[in-house]
Protein chains: 2
Amino acid sequence: MAANSKFAVAVHALAVIAHHSDERHTSRAIAGSVATNPVVIRRLLSQLAKAGLVESAHGAKGGFTLAKPAARITLLDVYHAVEDCGGLFAEHAKKNEKCPVACRMSGILKGVFARVQSKIAPELKRTSVADIVSQLG
Amino acid sequence: MAANSKFAVAVHALAVIAHHSDERHTSRAIAGSVATNPVVIRRLLSQLAKAGLVESAHGAKGGFTLAKPAARITLLDVYHAVEDCGGLFAEHAKKNEKCPVACRMSGILKGVFARVQSKIAPELKRTSVADIVSQLG
DNA sequence: CCATAATGTAACCATTGTAGTCACATATAC
DNA sequence: GTATATGTGACTACAATGGTTACATTATGG
């Protein structure tokens, strides 16, 4: 379970909320659909709240709602809110500073990774949470 | 160090080999440039060998060479050879089978992930190991 | 034929990131 | 005031990765 499922869970959670956007949804209810622990959901939605995607209400009758219309929340917003670890790829931590090849590789790889990243952003931006909900049928 | 640096190390190793493609390169020499352990390099190049990107020779004067011209080894080839864990993203391991939203999410997310992947492939295909080497100056 | 030098791999340890869990402070509704 | 939420810190469990040691295998070259 070491894979990065945060993005998937976040999209799932937002879809659950957006599916009945007039109601408040508790972390417990969302966790029921995702099959995980309510705390995991609260931690994740806490990140989304900081990014301005959801709002939370404490206390009885509390829970989560969308902070803006589902059509205006893109998967890129979700990705940025959740993906704190940087990019998809990673460079090797160390390198031999004395090797001329190694010294240049760092910059070259950075360029390659940046170009790849720039291709996925538009794709994620094209899909909104509303699109996801519409596919729920 | 939990990030996925295999791709970066593989590209680095291939660049080292391609930079002097007339010589054999030992795992020890390559590891020196990457600043890691020779076994790590051998394990990685073993995967690349299975994918037909490099060839290895046992014994004294042994080592690694490219299996085909650097211009014909694309970063997509490297990516496929190395990235055994599937895609960039992952679904949540479990889900609530009784929840109609959860049941549909799996398919929807698969579609999203596939569309994103399809965008990065052409970008990786566009760059060859020869291109990397030419950037080494 | 034997020493040397290299890959291929299995086995193991250390580190790290994620998920999951418990506990509790805080806030809100009725 | 009680019941019901979120927010968060602390902790455990687990899986993936990288690193290391060890050793079998294979090839070269005197």
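Throughout, protein chains are lettered first and strands after them, A, B, ... in sequence-line order, and every chain is numbered starting at 1.
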Practice problem: Kindly indicate, with the supporting measurements, whether the criterion side-chain contact (heavy atoms from CB on, under 4.5 Å) is fulfilled by B:Q117 and B:K119. | Solution: CA-CA 5 Å; B:Q117 284 275 9; B:K119 294 296 175 187; over 6 Å; no
Self-check item: B:H12 vs B:S33, side-chain hydrogen bond (donor to acceptor under 3.5 Å, both in side chains): CA-CA, chis, key distance, verdict
Solution: CA-CA 9 Å; B:H12 187 154; B:S33 176; 2.9 Å; yes
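Between the CZ atom of A:R115 and the CG atom of B:L124 there is a distance of 9.5 Å, given to the nearest 0.5 Å. Note: A:H19 NE2 to A:L14 CG = 14.0 Å, rounded to the nearest 0.5 Å. In this structure, the separation between CG on A:L109 and OG on B:S5 is 10.5 Å, given to the nearest 0.5 Å. Between the CD1 atom of B:I108 and the OG1 atom of A:T127 there is a distance of 11.0 Å, given to the nearest 0.5 Å. Atom OG of A:S27 is separated from atom CG of A:L44 by 11.5 Å, given to the nearest 0.5 angstrom.
Between A:V9 and B:G63, the residue anchored closer to the 5' end of DNA chain C is B:G63, taking for each the nucleotide with the nearest heavy atom.
Contact annotation: A:S56 side-chain N/O to D:dG7 OP1/OP2 distance is under 4.0 Å. Residue B:S46 has no polar side-chain atom (N or O) positioned under 4.0 Å from OP1 or OP2 of C:dT7.
Protein atom CZ of A:F7 is 14 Å distant from nucleotide atom P of C:dA19, rounded to whole Å. When the P atom of D:dG7 is taken as reference, atom CG of A:L44 falls 12 Å away, rounded to whole Å. As a whole-Å value, the separation of B:K94 NZ from C:dA19 C1' is 8 Å. The CG atom of B:L48 sits 11 Å away from the P atom of C:dG8 (whole-angstrom rounding). B:Q47 places its CD atom 11 Å from the P atom of C:dT9, with the value rounded to the nearest Å.
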Output a table of donor-acceptor pairs, distance under 3.5 Å, between side-chain atoms of residues 52-63 of chain B and any protein atom two or more places apart or on a different chain; print 'none' if there are none.
none

Could you go through residues 100-107 of chain A and list every donor-acceptor pair under 3.5 Å that involves a side-chain atom there, pairing it with any protein atom two or more places apart or in another chain?
| from | atom 1 | to | atom 2 | distance (Å) |
| --- | --- | --- | --- | --- |
| A:R104 | NE | B:L136 | O | 3.4 |
| A:S106 | OG | A:E91 | OE1 | 3.0 |

Please list every donor-acceptor pair under 3.5 Å in which a side-chain atom of residues 67-78 of chain A meets a protein atom from a residue at least two apart or in another chain.
| from | atom 1 | to | atom 2 | distance (Å) |
| --- | --- | --- | --- | --- |
| A:T74 | OG1 | A:L76 | N | 3.3 |
| A:T74 | OG1 | A:D77 | N | 3.1 |
| A:T74 | OG1 | A:D77 | OD2 | 3.2 |
| A:D77 | OD2 | A:T74 | N | 3.0 |

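Between B:Y79 and B:F7, the ring planes are perpendicular. Angles over 60° get that label, and only those under 30° would be called parallel.
Residues from residues 15-29 of chain B placing a heavy atom under 4.0 Å of any atom in DNA chain D do not occur. Against DNA chain C, the stretch residues 35-43 of chain B makes heavy-atom approaches under 4.0 Å through B:V39, B:R42, B:R43.
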Practice problem: At under 4.0 Å between heavy atoms, which parts of nucleotides 25-30 of chain D does protein reach? Answer with one letter per nucleotide, 5' to 3': B base, S sugar-phosphate only, - none. | Solution: -BBS--
